[in-house]
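Excluded from the calculations below are hydrogen atoms, water molecules and symmetry mates; all remaining heavy atoms, backbone and side chain alike, are included. From a predicted model like this one, the values you see are computed outputs, not experimental measurements.
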Amino acid sequence: MKEQVRSIFRALRNFLFSIVNREFLIFLFFLAVAGTFWLLTALNETYEREFEVPVKLTNVPRDVVITTEMNDTVRVTVRDKGFTLATYMYGDGLQPLLFNYKTYTARDNGYAQIPSADIQKQIYQHLYGSSRITSLKPDRLEFYYNHGISKKVPVRIVGQIEAVNNRYIAHTLISPSNVVVYASKNLMDSIRFVNSESLRILNVEDTVELTVKLKAIKGAKIVPNEVKVTVCPDILTEESVEVPIEAVNMPEGKVLRTFPSRVKVRFVAGARQYRSIRADQFRVEADYNEIAGSSSDKCNIYLREKPANVRSAQLDISQVDYLVEQ
């Protein structure tokens, strides 16, 4: 066994140190030397590199609600030699920036700002002396806060929701229908409702359920910041009811009789809603002021009222015979 190992080692050694392979090894050596020289030269040049640095707000009291969070990172562009930038990139990197809540909320007006100078000051503490900051984004940090002031407001869905041709949107359910808003008193007084992000839901045929984010309000915190929306379509059906004709503007002592005394009203409604629609929810009128002085034996009738949940309501006829009795 040992003799076989020695034999393999001798064959490998002879192969590596043959004339052809010796020249290849010499080529690889000089290639490595040249590459190392190029790398050292390149790293000695001056470059700019952008880094993302984490940001954190510390010592926030328990009774304080941060209504609009500040950015959790800043992007800083540093200029220095390649060696130094490589240290930032492949070493421990730039340490997180910690800002004390109490330092920036002395005015206690619900708004605080951390200026660019304070951000750069902390970053420079983690940089070598030769490094320079050439760009900072954002150039300042800001946050809004309050001391637990809140109120409930309704949620309003914004956007376009349409059913297919033979259906309509019977109702839209929002859960929860009200959300809690935290904000400063002045801002709170101006908030009457919270809008959803714009929706576009077309050709709805069956019930649709989706989670919708609420539109952010600068300086306010919305809890929860999303709601569940259920869109319920219904089948449209054409129906009709008979409604009595009522006379209006009649002089005292006179009676208007129409023939027929009732007229059919046709309308379109949802199949589920039809059961709740009654004839007394419609109002059909004949106006005596139009009849007075007229030689025609017919009078116009008008549909004056109809339920809000019906569509395309119209009278079966627009004129009827009439008789005025003393």
Side-chain angles (χ1 to χ4, degrees), residues 50-77 94-125 133 135-161 172-201 210-231:
E50 185 179 82
F51 298 91
E52 286 193 352
V53 185
V55 175
K56 186 177 180 182
L57 192 63
T58 63
N59 297 325
V60 180
R62 291 186 177 182
D63 65 333
V64 168
V65 177
I66 303 299
T67 55
T68 299
E69 298 280 354
M70 68 181 186
N71 290 2
D72 59 0
T73 59
V74 292
R75 299 194 307 276
V76 57
T77 302
L94 297 179
Q95 298 300 310
L97 308 180
L98 305 179
F99 295 99
N100 192 325
Y101 165 88
K102 295 180 180 179
T103 303
Y104 302 96
T105 56
R107 296 176 61 185
D108 199 24
N109 61 353
Y111 171 76
Q113 184 182 107
I114 302 174
S116 174
D118 288 10
I119 302 171
Q120 292 194 35
K121 181 179 178 181
Q122 277 211 39
I123 295 174
Y124 271 122
Q125 292 175 1
I133 296 173
S135 174
L136 183 66
K137 300 176 184 178
D139 59 356
R140 65 181 183 274
L141 297 172
E142 59 182 12
F143 61 91
Y144 293 81
Y145 63 95
N146 79 358
H147 296 278
I149 302 173
S150 67
K151 74 174 181 180
K152 278 191 173 184
V153 296
V155 175
R156 190 173 69 173
I157 299 300
V158 175
Q160 183 180 8
I161 303 177
T172 302
L173 303 177
I174 306 171
S175 180
S177 58
N178 294 278
V179 293
V180 178
V181 176
Y182 296 87
S184 65
K185 187 179 184 307
N186 290 339
L187 178 59
M188 188 84 72
D189 291 341
S190 67
I191 299 175
R192 298 286 182 266
F193 50 81
V194 174
N195 286 332
S196 71
E197 293 185 349
S198 184
L199 298 179
R200 182 176 171 82
I201 309 173
L210 64 160
T211 300
V212 179
K213 287 193 172 294
L214 301 180
K215 190 174 182 180
I217 301 174
K218 188 173 183 180
K221 181 177 183 178
I222 303 170
V223 181
N225 62 356
E226 60 183 25
V227 295
K228 181 180 178 182
V229 176
T230 304
V231 180

Taken to the nearest 0.5 Å, the spacing of Lys185 NZ from Lys151 NZ works out to 9.5 Å

Could I get the full list of side-chain contact (heavy atoms from CB on, under 4.5 Å) partners for Pro96, not counting sequence neighbours?
Pro54

Side-chain donor/acceptor of Ser177 to backbone N/O of Ile174, under 3.5 Å:
no

To the nearest 0.5 Å, how far apart are CG in Asn146 and CG in Asn109?
12.0 Å

Set of salt bridge (Lys or Arg N to Asp or Glu O under 4.0 Å) partners for Lys213, sequence neighbours left out
Glu226

Quick one: sort the Tyr101 and Phe143 rings into parallel, tilted or perpendicular, breaks at 30° and 60°.
tilted

For the CG atom of Asn100 and the CG atom of Leu57, what is their distance to the nearest 0.5 Å?
8.0 Å

Taking only residues two or more places apart in sequence or in another chain, which ones pass salt bridge (Lys or Arg N to Asp or Glu O under 4.0 Å) with Glu69?
none

Please identify each residue that fulfils ring pair (Phe, Tyr, Trp, His ring centres under 6.0 Å) with Tyr111, with sequence neighbours left out.
Tyr144

Find the distance between CD1 (Ile222) and OG1 (Thr67) and round it off to the nearest 0.5 Å.
10.5 Å

By salt bridge (Lys or Arg N to Asp or Glu O under 4.0 Å) - contacts of Lys56 (at least two apart):
none

When rounded to the nearest 0.5 angstrom, what distance separates CG in Asp108 from OH in Tyr145?
4.5 Å

Taking salt bridge (Lys or Arg N to Asp or Glu O under 4.0 Å) as the definition, give me every residue that meets it alongside Lys218, ordered by chain and number, with sequence neighbours left out.
Glu142

Least distance between heavy atoms, Asp139 atom then Ile119 atom
O-CD1, 4.4 Å

Greater than 12 external heavy atoms within 6.0 Å of Lys121's NZ:
no

